[in-house]
Structure formats: structure tokens, C-alpha cells
Amino acid sequence: MAYKNMGQYNGGIIKSRATGTVPQGAVRTTDASITSGLTFLTGELEKVDSKIRQPLNTLTYARDLPIKTGGGWVETLSAMGIEYGMQGGGQEQSIITGGGVNEIPVIQADMSKEIFKTHAFAAVMRVFWVDVQRSKITGRSLEQMAIDGIRAAYDKHMERNAYLGFPNYDTYGLFNQPTVKVQKVADGAAGSGKKKWTEKTPDEILKDINTAIAECWANAAYDRDAIPNHILIPYEQLIYISTTRMSDIAEGTILDFLLKHNTAKANGVDLVIAATSFAKGAGVGNTDRMVVYVNDDRFIAMEELVSLNRSMTQTKTDTLSYDSVYTANISEVEVFYDQPICYYDGI
């Protein structure tokens, strides 16, 4: 675009006289430049916020599962179990011995091994060389933004692996173990079919929790180490019990009441009631599910055998880019004891 000479200044506002039209995409001056007598590019009057806002995300798998690290690029994991038996002496006779005894009971041990699957996670990060040079001008690392994206994808993968697994690959998570019995919570006193916690009294909600804890504990032969200490529910139910007071004159919420009076607490175990989005609709018929279990690596775990890392980087001249591969090796959820896990639907 050609500009004519402005000519002699005779006072007033100097105006340029341009011939031709402004090309599409050209940077224009702002209206402020006309009134102030100064010329600014639009970008010069723009305040740039240096904070890059990541997508909103929720990660809770490390809270709800023990995460073991290390092990390398193995294909499977094994866990050993043992059962004991006594030959030559039942419960009635016990193992009492004395003079003249010609047979002493013999202890026997039966060992077994359970196999758990692993799988590899891999993602490619491609950064174009020209964009890398441009990022030096902006002061933002394009590579770091790509790394953050891979980390976000990895964390979402870990969430899915922890709570639901990948049934197409015959792996399962906390909410859908095929060996765990599924039950419905009891109806409330308000009427038949009133199972939701928003339709129940605090005492009825407490009964649902204590019933689940007692059943899981009974399934584990009342082993003191097998008292359930972790309950997962949907966010809607957690918000309801944590914000609803016991009564109009009470200061404590339903959640305070539940944490103080549950069966686990009565037996010296601090109970955690937490929420996850995977509980919503996880039950039969898309009902909301409550999972009660022991959050301890003796009973359940997930293994990060190889943590997420950059495995290799290659310069590609045909695409003018740097390609980096990030990999990890992860196990399915390992359930060592399925007795102290209970599913209750309909809350």
C-alpha cells in the first residue's frame, strides 16, 4: 500500500492520505490513535495474560488406591497366597496330645499364585521446528505445553484403569470387579423403593453404611486387618451429606454423624467417605453405586511398573519436527482379597 506525502504541517491533526485498500490480514491502527494523535498497533494496546489455563480435571486414583512403583517392562505380575490345613485332627479333637498318643496332627500348606496383567502406555509428542523458533519470541515453551498434554492424557488413562479398567482387554477396576457380589441398599421407612439417600433419614443412611461394613468384615472372617476403611460414592451424595444438617437446631452435618458413629470407627478404624465421578451410574440399571473396601496394599493395589518418561527423540527432516515418544508400563487393579469389598446400588 502506497502512502502520499503528508505535506507541510499547518496545525491541527496530521492525517495520512493512503491510496488503495488495506490488504486482508494487515495490522490496523486503533481508533485511539486518531484521537490521541499517536499511532499504536492493536497488539501494543493489548495486555497479555501470561498464565496458560489448563483444562479442568479431577484426579483421585492415587487417593483411592495404593500405587506401587518399579518393576520394569514385565508382561505379568504374580501374587502368592497360602492356605493351611491340619491332617489327623479336627476341630473337636483339636491338637491336644498326651501320653500314649500314637499320632500327631501334621500341618500342611497349600500355596497358590495369581497372575495380573500389565499394559504399555505410549504417546508421541511432535513439535515443529518453526514453532520452536517462534516460541523463543513469545517466551512460552511449546514443548512444555505438549508435555503437559501427554501428562494429562496419561492421568486420565490411570483414572480409567483404576476405577473401571478396560473390559475389552479383560481388566477391571474398583467399581466393576466380576467376583464381587452386587446388592441393593435397603428401602427407607418412607416407603417401598425409597433407596436414595436424599429420601432417607440420617439413621437410615448410617444403617446402609454399617450394613455394608459389617458384611464385608464378615466375609473376611472378621479379621481385624480386614475392617473396611474406605467408601466411594458419587459427588452428588457426598455434597448432600456434607452440607445437610442433622436437624434445624443441630450444627453437625450428616457426614459428621456418619464418620463418628460407623462400625469401623467403633472398632478403632478411621473411615474415609470420598467421592468420584465413576460412582455415578456405575450400578445395575445405571443406578449410583457405593463401594466399600480396605484401602491397603495387602488387599488391593495398582502398580506403575515404569513411570511415564521420554523414551526416545528423533529429528525428522521430512516433517521439519522433533518427535518424542513417552511410555509407561502399568498393571491392572490387583485385588488380592475380594472378600472385604462390597457393592451397594441405588444410593
TODO: Using the side-chain contact (heavy atoms from CB on, under 4.5 Å) rule, take T69 and E304 through it: C-alpha gap first, then chi angles, then the decisive distance, then the call.
DONE: CA-CA 5 Å; T69 58; E304 197 175 29; 4.1 Å; yes
Beyond-backbone contact of [X] with [Y], side-chain heavy atoms, under 4.5 angstrom:
X    : Y    : value
P234 : I347 : yes
M158 : M302 : yes
I150 : L308 : yes
D223 : Q339 : no
I147 : Y326 : yes
K156 : N57  : yes
K265 : L271 : no
T179 : Y172 : no

Open item on the list: What verdict does the side chain to side chain donor-acceptor pair (under 3.5 Å) test give for T211 and D208, after you've listed the backbone C-alpha separation in whole Å, the side-chain angles of each residue and the deciding distance to 0.1 Å?
Closed with: CA-CA 5 Å; T211 297; D208 287 343; 5.7 Å; no
So if you build clusters from Ile, Leu, Val, Met, Phe, Trp, Tyr with side-chain heavy-atom gaps below 4.5 Å, do [X] and [Y] land together?
X    : Y    : result
I330 : L59  : no
I213 : L255 : yes
I67  : L164 : yes
L174 : V284 : yes
F278 : L232 : yes

Just verifying a value: how many Å separate [X] [atom1] and [Y] [atom2], rounded to the nearest 0.5 Å?
X    : Y    : atom1 : atom2 : result
Q144 : L142 : CD    : CG    : 10.5 Å
E334 : E114 : CD    : CD    : 9.0 Å
I209 : I233 : CD1   : CD1   : 7.0 Å
E236 : S277 : CD    : OG    : 9.5 Å
D203 : N210 : CG    : CG    : 10.5 Å
Q183 : M290 : CD    : CE    : 10.0 Å

For the backbone of [Y] and the side chain of [X], can you confirm whether one donor and one acceptor N or O come within less than 3.5 Å of each other?
X    : Y    : answer
T118 : E75  : yes
T244 : I241 : no
D155 : A152 : no
N329 : V74  : yes
N161 : E332 : no
N295 : R63  : yes
R245 : I254 : no
Y343 : G283 : no
T276 : A279 : no

Mind listing the closest non-hydrogen atom pair of [X] and [Y] along with its distance?
X    : Y    : result
T58  : T60  : CG2-CG2, 3.9 Å
C216 : I341 : SG-C, 3.7 Å
P202 : F257 : O-CE2, 3.8 Å
E199 : K195 : OE1-N, 3.7 Å
H119 : S331 : CE1-O, 4.5 Å
G85  : I107 : O-CD1, 3.3 Å

- [ ] Assess whether side chain to side chain donor-acceptor pair (under 3.5 Å) is satisfied between N267 and R224, documenting all intermediate values.
- [x] CA-CA 9 Å; N267 286 275; R224 295 291 303 179; 3.2 Å; yes
Task: Full working for side-chain contact (heavy atoms from CB on, under 4.5 Å) between L65 and I300 - done: CA-CA 7 Å; L65 275 174; I300 196 168; 3.8 Å; yes
For the pair [X] and [Y], find out whether any cationic side-chain nitrogen is under 4.0 Å from an anionic carboxylate oxygen.
X    : Y    : answer
D170 : K117 : yes
K184 : D345 : no
D148 : R151 : no
D323 : R126 : yes

TODO: Evaluate the side-chain contact (heavy atoms from CB on, under 4.5 Å) criterion for residues N309 and T327: first the C-alpha distance (whole Å), next the side-chain angles of each, then the deciding distance (0.1 Å), finally the verdict.
DONE: CA-CA 6 Å; N309 67 96; T327 58; 4.2 Å; yes
Open item on the list: Working note: R298 + D225, criterion salt bridge (charged side-chain N to carboxylate O under 4.0 Å, His left out); need CA distance, chi angles, decisive distance, verdict.
Closed with: CA-CA 9 Å; R298 177 186 172 186; D225 292 334; 3.0 Å; yes
Is the [atom1] atom of [X] crowded by more than 12 outside heavy atoms at less than 6.0 Å?
X   : atom1 : answer
E83 : CD    : no
M80 : CE    : yes
K68 : NZ    : yes

Task: side-chain contact (heavy atoms from CB on, under 4.5 Å) assessment of K196 paired with Q237 - done: CA-CA 9 Å; K196 295 182 179 180; Q237 281 82 342; over 6 Å; no
Open item on the list: Can you confirm whether or not the ring centre of Y154 sits under 6.0 Å from the ring centre of F121?
Closed with: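 Under 6.0 Å, so yes.
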Open item on the list: For F336 and F116, I'd like to know if the aromatic rings sit close, meaning centre-to-centre distance below 6.0 Å.
Closed with: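 Yes, the ring of F336 comes within the 6.0 Å limit of the ring of F116, centre to centre.
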- [ ] Check the pair D288, W197 against side chain to side chain donor-acceptor pair (under 3.5 Å), reporting the backbone distance first and the verdict last.
- [x] CA-CA 11 Å; D288 294 345; W197 282 3; over 6 Å; no
TODO: Apply the ring-ring contact (aromatic ring centres under 6.0 Å, His included) test between H157 and each candidate in Y163, Y61, F166; give the one that qualifies.
DONE: F166
Task: Passing candidate, side-chain hydrogen bond (donor to acceptor under 3.5 Å, both in side chains) with S321, options T319, D318, T317 - done: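 Of the listed options, the one satisfying the test is T319.
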